[in-house]
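Remarks on the structure that follows.
The shown structure was predicted, so the numbers you read here are calculated from the model rather than taken from an experiment. All values below come from the heavy atoms of this structure, side chains included, with hydrogens, waters and symmetry mates left out.
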Amino acid sequence: LSNLRARKAGCDFGLGHLADPDSFRGLEALRAEERTRRLAAQYGYPATPLGDVVRSIRLTKGDEGFVETADAVYLPLIGRSAALTSRDQLKLKAHNYAQLIVDSARVRPEYLARFLSAPLGLSIREEGLSGVTIPKLTKEGLPRLRVFLPPLADQERVAGVVATITHIETALQEYRQRLWNEPRAL
């Protein structure tokens with residue numbers, strides 16, 4: 001109660017937190033904002049609204065799907081599934097994704113997809129959720145999501161290293177599977 005009387009936030013949510021009543025969207029949203037603040041401080045790049053680095057945001061209804069487009073990122077509107085760069089990789093129904101057509105002079109699709117799937121990106125996505133029963137990202141809210149982008153050359157290097165790691169992980173999984181399927185092949 002001393003924090004409340006002093007109008008001071010506690011060191012964690014259990015000890016109190018001050019929130020603007022007009023923008024309060026629930027305890028989970030406050031926790032996501034705090035997680036984002038903590039992770040962003042470690043990241044070291046300025047925040048940029050997603051709307052500044054995408055040329056268009058497209059949604060689809062029913063089973064229409066999306067037209068495959070270069071420079072596209074497919075961002076899940078619900079849940080914590082990974083953002084993807086190809087329509088063929090979609091794991092959910094198409095209407096549960098937004099197709100972000102990126103400005104390739106500002107961001108590489110591979111980098112943005114990986115960023116939005118990393119802990120900081122997931123936290124930012126959680127901040128943007130609306131609704132109670134099935135929280136989801138909205139087309140109106142997507143441009144306001146903040147992304148932290150290094151220069152393009154660094155984005156390309158990060159995407160290259162991640163691709164190499166993914167290739168190695170795939171090879172290891174194949175070797176492991178082969179070991180269990182053909183133990184005499186050693």
Side-chain angles (χ1 to χ4, degrees), residues 23 25 28-29 31-33 35-167:
S23 63
R25 294 185 340 257
E28 284 309 310
R31 285 189 173 130
E33 287 173 20
R35 208 171 25 256
T36 299
R37 244 190 315 279
R38 205 175 53 253
L39 290 168
Q42 299 169 4
Y43 213 74
Y45 296 105
T48 302
L50 184 63
D52 289 358
V53 297
V54 298
R55 290 183 286 132
S56 68
I57 298 172
R58 300 174 184 162
L59 302 180
T60 186
K61 294 188 190 301
D63 293 328
E64 294 172 23
F66 295 102
V67 174
E68 187 74 41
T69 306
D71 295 334
V73 171
Y74 298 89
L75 179 64
L77 298 172
I78 60 171
R80 298 175 58 85
S81 298
L84 306 164
T85 56
S86 171
R87 180 182 65 170
D88 297 333
Q89 300 170 319
L90 301 184
K91 300 199 181 351
L92 306 171
K93 293 181 180 179
H95 70 270
N96 289 316
Y97 288 89
Q99 184 187 48
L100 311 175
I101 309 302
V102 304
D103 177 355
S104 59
R106 308 256 341 251
V107 65
R108 296 291 181 250
E110 300 81 14
Y111 182 87
L112 184 61
R114 297 286 184 166
F115 172 83
L116 291 169
S117 302
L120 177 56
L122 288 169
S123 185
I124 289 167
R125 286 165 51 183
E126 285 176 22
E127 274 186 64
L129 294 174
S130 296
V132 177
T133 306
I134 300 176
K136 86 184 268 188
L137 295 169
T138 64
K139 185 175 183 178
E140 297 75 29
L142 287 173
R144 292 190 299 269
L145 295 182
R146 296 167 297 140
V147 293
F148 296 82
L149 304 174
L152 284 175
D154 292 348
Q155 291 179 36
E156 289 168 358
R157 276 195 295 278
V158 168
V161 170
V162 169
T164 300
I165 291 169
T166 301
H167 177 74

- Is there a side-chain contact (heavy atoms from CB on, under 4.5 Å) between L50 and L112 once you walk through the steps? CA-CA 10 Å; L50 184 63; L112 184 61; 4.1 Å; yes
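- Remark: side-chain polar atoms of R146 are not paired, donor with acceptor, to backbone N or O of P49 under 3.5 angstrom.
- The two residues D71 and P109 make their nearest non-hydrogen contact at CA-CG, 3.6 Å.
- For the pair Y97 (side chain) and L92 (backbone), a donor-acceptor distance under 3.5 Å is present.
- Annotation: the span from D154 atom CG to Y45 atom OH amounts to 4.5 Å, rounded to 0.5 Å.
- Note that CZ of R157 and CG of L152 are 11.0 Å apart. Values are rounded to the nearest 0.5 Å.
- Contact annotation: the side chain of Y111 never approaches that of V102 to less than 4.5 Å [non-hydrogen atoms, C-beta and beyond].
- In this structure, the side chain of R106 engages the main chain of D52 through a donor-acceptor pair within 3.5 Å.
- In this structure, K136 contributes its side chain and G131 its backbone to no donor-acceptor pair below 3.5 Å.
- Between atom OG1 of residue T48 and atom CG of residue L149 there is a gap of 5.0 Å, rounded to the nearest 0.5 Å.
- Atom CD1 in I124 sits 14.5 Å away from atom CZ in R144 (nearest 0.5 Å).
- Taking 4.5 Å as the limit, every side-chain heavy atom of V54 sits out of range of all side-chain heavy atoms of V107.
- Here the OG1 atom belonging to T60 is positioned 11.0 Å from the CG atom belonging to N96, to the nearest 0.5 angstrom.
- Under a 3.5 Å cut-off, the side chain of S117 and the backbone N or O of A83 do form a donor-acceptor pair.
- Remark: the backbone N or O of A72 is not paired with any side-chain donor or acceptor of Q99 at under 3.5 angstrom.
- For T69 (side chain) and V67 (main-chain N/O), a donor-acceptor pair under 3.5 Å exists by modelled atom type.
- Taking the side chain as every heavy atom from C-beta outward, V158 and F115 never approach each other to under 4.5 Å.
- Considering CG of D88 and OH of Y74, their distance stands at 8.5 Å, rounded to 0.5 Å.
- When atom types are taken as modelled, the side chain of R114 and the backbone of A159 share no donor-acceptor pair closer than 3.5 angstrom.
- Of the possible donor and acceptor atoms, one in the side chain of T166 sits under 3.5 Å from a partner among the backbone N and O of V162.
- Between R125 and P76 the shortest side-chain heavy-atom distance falls below 4.5 Å.
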- Can you check side-chain contact (heavy atoms from CB on, under 4.5 Å) on L129 and L137, steps first, answer last? CA-CA 5 Å; L129 294 174; L137 295 169; 4.0 Å; yes
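- Not one N or O on the side chain of R108 forms a donor-acceptor pair closer than 3.5 Å with the backbone of E156.
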